[in-house]
Number of protein chains: 2
Amino acid sequence: MKPSVITIEPNGHFCSDCAVRASAVCSSLDPAELREFEHLGRRVHFSSGETVFSEEDITTSFYNVLEGVMRLYKLLPDGRRQIVGFALPGDFLGMNLSGRHNFSADAIGAVTVCQFAKAPFGRFIEDRPQLLRRINELAIRELGQARDHMVLLGRRSADEKLAAFLLGWRERLLALKAPSDTVPLPMSRQDIADYLGLTIETVSRTFTKLERHGAIEIIHGGISLLDPARVEALAAA
Amino acid sequence: MKPSVITIEPNGHFCSDCAVRASAVCSSLDPAELREFEHLGRRVHFSSGETVFSEEDITTSFYNVLEGVMRLYKLLPDGRRQIVGFALPGDFLGMNLSGRHNFSADAIGAVTVCQFAKAPFGRFIEDRPQLLRRINELAIRELGQARDHMVLLGRRSADEKLAAFLLGWRERLLALKAPSDTVPLPMSRQDIADYLGLTIETVSRTFTKLERHGAIEIIHGGISLLDPARVEALAAA
DNA sequence: AAACGCGATTGACCCAGATCAATTTTGACC
DNA sequence: GGTCAAAATTGATCTGGGTCAATCGCGTTT
């Protein structure tokens, strides 16, 4: 889909009111710094399915996710896709060494990001090591998640993959909303399959199987964890 | 295997002569800083198969690999293993958020590391943002490698996995030694299998198949790339 | 040099998950 | 509310890679 931007609101907001103020990279900035920081970023909206950046693109911006969900993925030349993660509010995107994004990012549903041009952001960070430290923390956290995901991809069965995915996703949403046994799944079955290294049919069948066994209920736009303990047992296996 | 240390040489070396001086975290330090840094680390040797640290251990040290190869892995409760990477000279280990290593590390063959106690290293880094920046670079590089590996684990066939592994391993060794079509493989077949999400039998059969097709030759302690172009074609697929 | 042990290879068979092929359900738009 | 198109489900069948089981090669020990 084309990367047409729906709305741009330069300076139309305040960092101090920002939903991700406490969790994003900005949590490392004091109020004075925040006021300066405010001028560097602009809110940009993307609608469902739009591509925020592509794998082969030269990196010109960093992004702070404010609202919505994004899929982060890599494609093989023949079209096979691996989703390497889902980005949620508070996530920071765009760090790399090569000068290119090494994965692509699409909006799943409506997404708002705070976009920073690379150069001014780089200058701002220069004399603020605590911001660098925060970015480093986020990178290290992601690295840990990436390693966990390698275990899932390399060594777990389809049932275990699905169960671990549901629990992991619920866990991540915990930071954003009240805990609940109803787990919204804004991404498609194909997205889930490409995240777990499965096919869409296997994802569908496995959901149905879990439902037949009374572990979950498939509801509109997500699933309900009827028997969390059973799902946890499956995921741990 | 027990973590018995073979040799300890406190201060028995100089950073300025260090083999990894130019590539490791220390490349961000100037000569004066390096002399101070020298007092923080101590060389520690491990022999083949010894565990340097374990997944569940509280992190008390950071490690800079000086010589040798290590396998970094995670275990599932039932014993399934996923190797999340191999560490080579210049690699930096021990960064984490939780206060615990989130993977285990064993020596493959003899290994020498430069070990830093967590607290003094943390203090040293405090007012040296360029060291922090260097650590961040290494973390981002690893994150990119981790994402590539997810694609391999989730979406590639056994043939592609092996071919990509051989080329990737050769590529990494390029930074350490002269380029060559002879690729040493210090790790066991089981290690390769656990890195690629395969079984030892499939690794063995796939090597044999590549050899029958004239793409590689299996030699003692490694393989020889007879037809690198063909292996590249397989890996790209 | 015989015996041992362990990693690697090879063969026979099997099965989890892929592939192929219909439906069925959902949702968006006149 | 009827018409499509896309997403999801379900069924039938196939297969890549796993499992189980020898066997081989080779360095080590006695």
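What you see is a predicted model; the values in this text were computed from it and never measured. Every chain is numbered from 1 and lettered A, B, ... according to where its sequence line falls, protein lines coming before strand lines.
Contact check, B:His220 against D:dG25: no side-chain N or O comes under 4.0 Å of OP1 or OP2.
Rounded to whole angstrom, the span from the CD1 atom of A:Ile219 across to the P atom of D:dA8 amounts to 15 Å. Atoms CZ (B:Phe207) and C1' (C:dA8) sit 11 Å apart, rounded to a whole Å. Rounding to whole angstrom units, CD1 of residue B:Ile200 and P of D:dA22 are separated by 18 Å. The interatomic distance linking B:Ile218 (CD1) with C:dG7 (P) rounds to 18 Å, in whole Å. Rounded to whole angstrom, the span from the CG atom of A:Leu210 across to the P atom of D:dT9 amounts to 12 Å. Look at NZ on B:Lys209: it is 16 Å from C1' on C:dT9, rounded to the nearest Å. Atom CG of A:Asp78 is separated from atom P of C:dA18 by 15 Å (rounded to the nearest Å). Rounded to whole Å, the distance from CG on B:Leu153 to C1' on C:dG17 is 17 Å.
Partner of A:Tyr195 under the side chain to side chain contact (heavy atoms under 4.5 Å, CB included) criterion, chosen from A:His149, A:Arg71, A:Gln190, A:Lys161: A:His149.
At a cut-off of 3.5 Å, with distance as the only test, no side-chain donor of A:Ser224 or A:Asp181 sits close to an acceptor on the other residue.
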Under 3.5 Å, N/O pairs linking protein and nucleotides 13-17 of chain D:
from   : atom 1 : to       : atom 2 : distance (Å)
D:dG17 : OP1    : B:Ala158 : N      : 2.9

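Which of D:dT10, C:dT9, D:dT9 sits closest to the side chain of A:Glu201 comes down to D:dT10.
The aromatic rings of A:Phe53 and A:His101 lie parallel to each other, with less than 30° between the two planes, well short of the 60° mark.
A donor N or O paired with an acceptor N or O is found under 3.5 Å between the base of C:dT19 and the side-chain atoms of A:Arg205. Donor-acceptor pairing under 3.5 Å, judged by distance alone, is absent between the side chain of B:Gln190 and the base of C:dC6.
Using a 4.0 Å cut-off between a side-chain N of Lys or Arg and a carboxylate O of Asp or Glu, B:Arg147 and A:Glu55 do not qualify as a salt bridge. By the 4.0 Å N-to-carboxylate-O rule, B:Asp194 lies too far from B:Lys74 to be salt-bridged with it.
Across all strands shown, A:Ser204 has heavy atoms under 4.0 Å from base atoms, whether or not it also approaches the sugar-phosphate.
Taking the nucleotide of DNA chain D with the nearest heavy atom to each of A:Ser188 and A:Arg155, the more 5' of the two is matched to A:Ser188.
In this structure, the side chains of B:Glu50 and B:Asp106 stay at 4.5 Å or more apart for every pair of heavy atoms.
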Exercise. Take A:Phe62 and A:Phe92 through the ring-ring contact (aromatic ring centres under 6.0 Å, His included) test and state the conclusion after the steps.
Key: CA-CA 7 Å; A:Phe62 299 108; A:Phe92 183 71; 5.8 Å; yes
